[in-house]
Amino acid sequence: MKNKLKKIIHVSLKESALIEEDLINTFEIEINQSTQSDHGDFSSNIALKISGKANMKPLKVAEIISKTIQRPEWLRKIEVAPPGFINFYVDDRTKADLLISIIEQENNYGSFPANSQDSILLEFVSSNPTGPLHVGHGRHAAYGDSLAKILRKAGHTVSCEYYINDSGRQIDILILSVLVALINKKESLLTVPNACYQGSYIGSLTEVIPKQAITEINKLSLSDLKLKEADDDSEADALISIIKASIGESVFEKITGAVVDKMLKVIKSDLSNFGVEFDHWFSEKTMIKHSKIDLALQKLKTKKALFNKDGAAWLKTTDYGDDKDRVVLRDDGRSTYFASDIAYHADKKERGFDKLINILGSDHHGYINRLKGGLASMDFDPEDLEIVLMQFVTLYRGKKKVQMSTRSGEFIPMKELYEEVGIDAARFIYVNRSYDQHLDFDLDLAKEQSNLNPVYYIQYAHARISSVMKEIEKKGYKNDHGLGIKNIGYLDSKHESEIISMLQKYPDIIKTSAEQRAVNKLSNYLKDIAQLFHSYYGKQKFVIDEDETRNARVILLRCVSIVIKDGLSLLGVSAPSKM
RNA sequence: GCGCCCGUAGCUCAACUGGAUAGAGCAUCAGCCUUCUAAGCUGAGGGUUUCAGGUUCGAGUCCUGACGGGCGCGCCA
């Protein structure tokens, strides 16, 4: 429709000779869907744009263009409005075509042809398996999952991936925390070091330690341990070394395997119960096993991309806009986290994805140029990597801010949140705010007044439509699709044209939501269409004797229901038929 | 100090990447259920879009500066 109008205007611009023909293509002909019914169904601002070049007042230009246009049959009216907009009104036939196609396509309405776009690897959450996911991760999970669904609907091939940081110091500290908890289970002999994780989940992790390992742990000389106060990471490292030496690396490894495995199971089930599924779980440990990091470093060395300073190997990321150069290989020979990330992201590209999107917390913004530099050093286009920086979730209980820290165990798990406020409400609240906006999540409000959540407003619209349909059936009225289509002309009230126009917007919303990674555009759209429906519902009756009007309205309701249900499903929210 | 993000009604947020009269919910006030679900509808009040300049037919949106808030600036992950 928009393209048809664009062509019409283009022809008119040529014929009217308002501006030189060469200039015509320098202006993008914009067609907007009108927000208000008295602005027609579509409008164009082209007259405002070219008035300067045409040396005429915009209104005059608009009049000339609209007079030059050879009005096709399907355009009911063309109107000029100050300061120079041209408004288009389409005919009933066109509207009927739209409604017919929505009903035919059902949940495919608004979808773009698959594989018509780039293939995307979408990485999100990727929280270290050192603790359960908390409410902050919930935002990432809800947003990432919805974005993936929207991107797919917009025609992209998307693979969702979770990077498991299952190797390195943080994991060692997790094991240390579990071991301390295990020893303290019998009698509290050890002071829990500050560096350790301290949530209540640590205690339950002790249960997965293999029996054989427990006998080794029991042999530990507690006097060595008791003296240590591991308050920072390096002191924790020392303590870990002692334990590793006493019980043996392989036993320590076994414990690590069991604990991480258990932790991952918890994370996976929390996500899955929240409706978030990943296509692939990528293990850092496995990557190391396959020497991927060594190979990446080798490649950088061969390319002479690294330089030595203070005994370490550095990558000159300042060439790519980073603040400073970064170490990839420490003076003790161990590779850094950054080295893992270079190898990991190169691997993503090697797997053939056109575009890599990472959803990261806003505290990672300093990481963007570094990571792009890493990709570029590996001969990939840094433009292929896109980072979506998610702002923080601030948790409130009423007016009181809830402090959060994973280390100290002071956090509200994501699971607790969605079990209490409900998955639908939680997912909607998470996603209804733009990702670059801070989110204040008030637990009390979400729990106590969950009825006030906009998600119920949208779901209620869907339930009401289902209810009307049931009632029509109950009263024994005959549903006649053809009769409804024939009488689409009856849908000429303000409410009805506004709803039709809103329905028509859906594909555009999918497109912009996908392009701008703006999941909240979809959620806001759903609120808008629900609002139009509720207002319409208050004004009109649907269970009526008149066959023509009833069947026409039923078609409209079915379309609204289809779009709401599909939109909600993209957000991971259910569309109940009864509430 | 430097860098990134943000600032819209009393509160929480929209505004289709520059368009027409800046819109919703909550809260306040006034109405609407013997009739399809009142988790709803209708109406009222509430704004110098933090401030000061600039760009143009047109600015909440773009540019510059100030003020206010969040985050970051490790051979941590």
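Chain A is the first sequence line, chain B the second, and so forth, proteins listed ahead of strands; every chain is numbered from 1. This one's a predicted model, so the numbers in the text were calculated from it and none came from an experiment.
The nucleotide whose nearest atom lies closest to any side-chain atom of Q437(A) is, among A14(B), C5(B), C57(B), A14(B).
Between F282(A) and Y344(A), the ring planes are tilted. Angles from 30° to 60° get that label. Between Y536(A) and F542(A), the two ring planes are perpendicular [angle over 60°; tilted spans 30° to 60°]. The aromatic rings of H364(A) and Y367(A) stand perpendicular to each other, their planes meeting at an angle above 60°, with 30° marking the opposite boundary.
Residue N165(A) is in sugar-phosphate contact alone, with no base atom involved, counting any heavy-atom pair closer than 4.0 Å across all strands shown. Nucleic acid contact class of R433(A) (heavy atoms, under 4.0 Å, all strands): sugar-phosphate only. Residue D332(A) is out of contact with every strand shown, counting any heavy-atom pair closer than 4.0 Å. Looking at heavy-atom distances under 4.0 Å, K521(A) makes contact with sugar-phosphate atoms alone, never a base. Within 4.0 Å of N87(A), counting heavy atoms only, lies at least one base atom of the nucleic acid. As judged by a 4.0 angstrom heavy-atom cut-off over every strand, S535(A) is placed among residues touching the sugar-phosphate backbone only. Contacts of Y525(A) with the nucleic acid, taken as non-hydrogen atoms under 4.0 Å apart, are absent. As judged by a 4.0 angstrom heavy-atom cut-off over every strand, H39(A) is placed among the base-contacting residues. Using a 4.0 Å heavy-atom criterion, one finds that E284(A) contacts no nucleic acid atom at all. S126(A) comes within 4.0 angstrom of nothing in the nucleic acid, heavy atoms only. The residue K324(A) sits close only to the backbone: its heavy atoms come under 4.0 Å of sugar-phosphate atoms, none of a base. Within the nucleic acid shown, E515(A) has no heavy atom closer than 4.0 Å to any nucleic acid atom.
Between A59(B) and G1(B), the distance separating the two C1' atoms is 33 Å to the nearest Å. Taking atom C1' in both G45(B) and C2(B), the straight-line distance is 47 Å, to the nearest Å. Going from the P atom of G60(B) to that of G18(B) covers 13 Å, rounded to whole Å. Between G72(B) and A77(B), the distance separating the two C1' atoms is 15 Å to the nearest Å. Distance noted for atom P between U61(B) and G69(B): 22 Å (whole Å). C4(B) sits 29 Å from C11(B) when the P atoms are compared, rounded to a whole Å. Spacing of P atoms, G19(B) relative to C73(B), comes out at 37 Å, to the nearest Å. Going from the P atom of C51(B) to that of G7(B) covers 13 Å, rounded to whole Å.
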Subject >> Full working for salt bridge (charged side-chain N to carboxylate O under 4.0 Å, His left out) between R370(A) and D323(A) >> reply: CA-CA 8 Å; R370(A) 190 184 323 182; D323(A) 303 340; over 6 Å; no
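Put simply, NE2 on H365(A) is 9 Å from P on C4(B), counting in whole angstrom units. The CZ atom of F542(A) sits 17 Å away from the P atom of U35(B) (whole-angstrom rounding). One atom, CD1 of I46(A), and another, P of C57(B), lie 15 Å apart when rounded to the nearest Å. One can place CG of N524(A) at 16 Å from P of U8(B), the figure rounded to the nearest angstrom. Atoms CG (L532(A)) and C1' (A14(B)) sit 14 Å apart, rounded to a whole Å. The distance from atom CD1 of I31(A) to atom P of G19(B) is 15 Å, rounded to the nearest whole Å. A straight line from OH of Y367(A) to C1' of A77(B) spans 8 Å, rounded to a whole angstrom. The nearest whole Å value for the distance from the CD1 atom in I50(A) to the P atom in U56(B) is 19 Å.
Taking for each of L439(A) and Q516(A) the nucleotide of RNA chain B with the nearest heavy atom, the 5'-most of the two is the partner of L439(A). Sequence order on RNA chain B of the closest nucleotides to S34(A) and S362(A) puts S34(A) first from the 5' end.
Between E471(A) and K474(A) there is a salt bridge, since a side-chain N of the basic residue sits under 4.0 Å from a carboxylate O of the acidic one. Classification of K49(A) and E30(A) as a salt-bridged pair holds, one side-chain N sitting under 4.0 Å from a carboxylate O. In summary, D325(A) and K316(A) engage in a salt bridge, as defined by a charged side-chain N under 4.0 Å from a carboxylate O.
Look at R464(A) and you'll find a side-chain N or O under 4.0 angstrom from OP1 or OP2 of A38(B).
If you check distances only, the side chain of T336(A) never reaches the base of A77(B) with a donor-acceptor pair under 3.5 Å.
Using a 5.5 Å limit on the distance between ring centres and a 30° limit on the angle between planes, the aromatic ring of Y457(A) does not count as stacked on the six-membered base ring of G25(B). G72(B) has no stacking from H364(A) on its base ring, since the centres under 5.5 angstrom apart and planes within 30 degrees of parallel are not both found.
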Subject >> Base-pair map of RNA chain B as dot-bracket, where | denotes pairing with a different strand and pairs are Watson-Crick or G-U under 3.5 Å >> reply: (((((((..((((.....[...)))).(((((.......))))).....(((((..]....))))))))))))....
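Judged by the 6.0 Å distance and 45° axis criteria, R464(A) is positioned over the aromatic ring of Y537(A).
Taking CD of E123(A) as the start and CD1 of I387(A) as the end, the distance is 8.5 Å to the nearest 0.5 Å.
For C33(B), the base is syn relative to its sugar; the glycosidic angle is within 90° of 0.
Taking every heavy atom of both residues into account, Y162(A) and S127(A) meet most closely at OH-O, 2.8 Å.
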